Amino acid sequence: MSYLTFNSEKKFDLVAIGRLCIDLNANEINRPMEETMTFTKYVGGSPANIAIGLSRLGMKTGFIGKIADDQMGRFITSYLKKHEINTESVITDKTRAVTGLAFTEIKSPEECSILMYRDNVADLKLEPTEVSEEYIKQSKSLLISGTALAKSPSREAVFMALEYARKNNVPVFFDIDYRPYTWTSEAETAVYYNLAAEKSDVIIGTREEFDMMEKLLNLEESNDQVTAERWFSHNAKIVVIKHGGDGSIAYTNDGKSHRGGIFKTKVLKTFGAGDSYASAFIYGLMHDYSVAEAMRFGGASASIVISKHSSSDAMPTVEEIKGFMETAEEVLQKA
Ligand SMILES: Nc1ncnc2c1ncn2[C@@H]1O[C@H](COP(=O)(O)OP(=O)(O)OP(=O)(O)O)[C@@H](O)[C@H]1O
Ligand SMILES: O=C(O)C[C@@H](O)[C@H](O)C(=O)CO
């Protein structure tokens, strides 16, 4: 059963809106960052990673975002172009804003963290007037990611994009992508996340991210099903709740639940799991996979990326994922 309708006449499969940043991933790993001397530079930022993932999977993608007017900004646009991601709606900041940097610390496969440099970042300066309805109209789907809601004017730009998507029947994927350091208050965070989720067709987040959104609600009890059902009275058709190495569960607006197991792998670092999962899951849904098959495809993609050094550059092709699924050990999620 298909929960979403994608218009096959459209130029893009997916347009993403949000941050285009840089990841600096530790080369000397299994130690604290204090002892890491060199880092490798990659394009990063959750929505950028997802768009890159989809492009690796052969999908036509475009990006709406703002980059710094410097070497880092130019590195990002040239990488996107190389990966055939349309950059017509990638705007160059003229206020001397900088590129967001994410230094990743890999202490052990289980203990990874990110040190963010995000003062005066270009991505949060995207203006609502810089979002083109025509551009969104040309896409089969829109991806928004929660960090772009952290500050004005980027917050209003995302809401503008959501309006244009709704008006033109473009299904919206919302990756919650909650990064506490970008926000000032938990209440503000929850309010804006809930407002965006109300307008989205597919909501993807971890259990902890949904907990954050429910904090103000004084729910007597919450669990994955309660969480998901809240959204079906709004616009959601699918709600995916990710549980790291324990897999994922999705609920659909016909009352069904779908379980996603994991594929065992030699984990190098855990970040990048969510973005690679999202891109392959979206690919699956757009290719008429069942929800469970799309989750399986997402889990396999995540498993490949967490065994590699980067998040964006490591995004696999369809052939790589299929080949991996044939040989890797799958652990089904318990009922
Ligand atoms: N240790 C693991 N082994 C195999 N697969 C994993 C592992 N951790 C995560 N995954 C896969 O990746 C998916 C998403 O992972 P997770 O729930 O950690 O998302 P996330 O917190 O958004 O990730 P990120 O660390 O990128 O922010 C899981 O549902 C699972 O399929
Ligand atoms: O999303 C970010 O800003 C950092 C990412 O690029 C990083 O690779 C990561 O955390 C992926 O989960």
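Count residues from 1 along the sequence. Predicted, not measured: the structure shown is a model, and the values here were computed from it.
- Between K41 and D23 no salt bridge is recorded (no basic side-chain N to carboxylate O distance below 4.0 Å).
- Between D211 and K215, none of the side-chain N atoms (NZ, or NE/NH1/NH2) sits under 4.0 Å from a carboxylate O, so this pair counts as no salt bridge.
- The other members of the hydrophobic cluster of L217, by chain and number, are L219 (side-chain heavy atoms under 4.5 Å, ILVMFWY only).
- Under the rule for a salt bridge (charged side-chain N to carboxylate O under 4.0 Å, His left out), the partners of E320 that lie at least two apart in sequence or sit in another chain are K308.
- K237 meets the salt bridge (charged side-chain N to carboxylate O under 4.0 Å, His left out) test with D201; sequence neighbours excluded.
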Cut-off 3.5 Å, no hydrogens considered: what does the side-chain donor-acceptor table look like for residues 58-65, sequence neighbours left out?
none

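- Applying the salt bridge (charged side-chain N to carboxylate O under 4.0 Å, His left out) test to K82 and every residue at least two apart in sequence or in another chain returns nothing.
- R56 is linked by a salt bridge (charged side-chain N to carboxylate O under 4.0 Å, His left out) to nothing, counting only residues two or more places apart in sequence or in another chain.
- Within the structure, every pair that satisfies the side-chain hydrogen bond (donor to acceptor under 3.5 Å, both in side chains) test and touches residues 240-257, not counting sequence neighbours, is listed here: Y3-T252, Y3-D254, D224-H243, S248-Y277, T252-D254, T252-H258.
- By the 4.0 Å N-to-carboxylate-O rule, R207 lies close enough to E214 to be salt-bridged with it.
- Using a 4.0 Å cut-off between charged side-chain N and carboxylate O, K66 and E127 make no salt bridge.
- Residues in residues 261-282 take part in these salt bridge (Lys or Arg N to Asp or Glu O under 4.0 Å) pairs, two or more places apart or across chains: K264-E329.
- Cluster partners of I262, by chain and number: V331. The rule joins Ile, Leu, Val, Met, Phe, Trp and Tyr whenever side-chain heavy atoms lie under 4.5 Å apart.
- For the salt bridge (Lys or Arg N to Asp or Glu O under 4.0 Å) condition, no pair includes a residue of residues 29-40, sequence neighbours left out.
- Residues in residues 106-119 take part in these salt bridge (Lys or Arg N to Asp or Glu O under 4.0 Å) pairs, two or more places apart or across chains: K107-E111, R118-D123.
- Grouped by direct or indirect side-chain proximity (heavy atoms under 4.5 Å, Ile/Leu/Val/Met/Phe/Trp/Tyr only), F271 sits with I29, I106, I114, M116, Y181, L268.
- The environment of CD in E186 is sparse: at most 12 heavy-atom neighbours from other residues, nucleotides or ligands sit within 6.0 Å.
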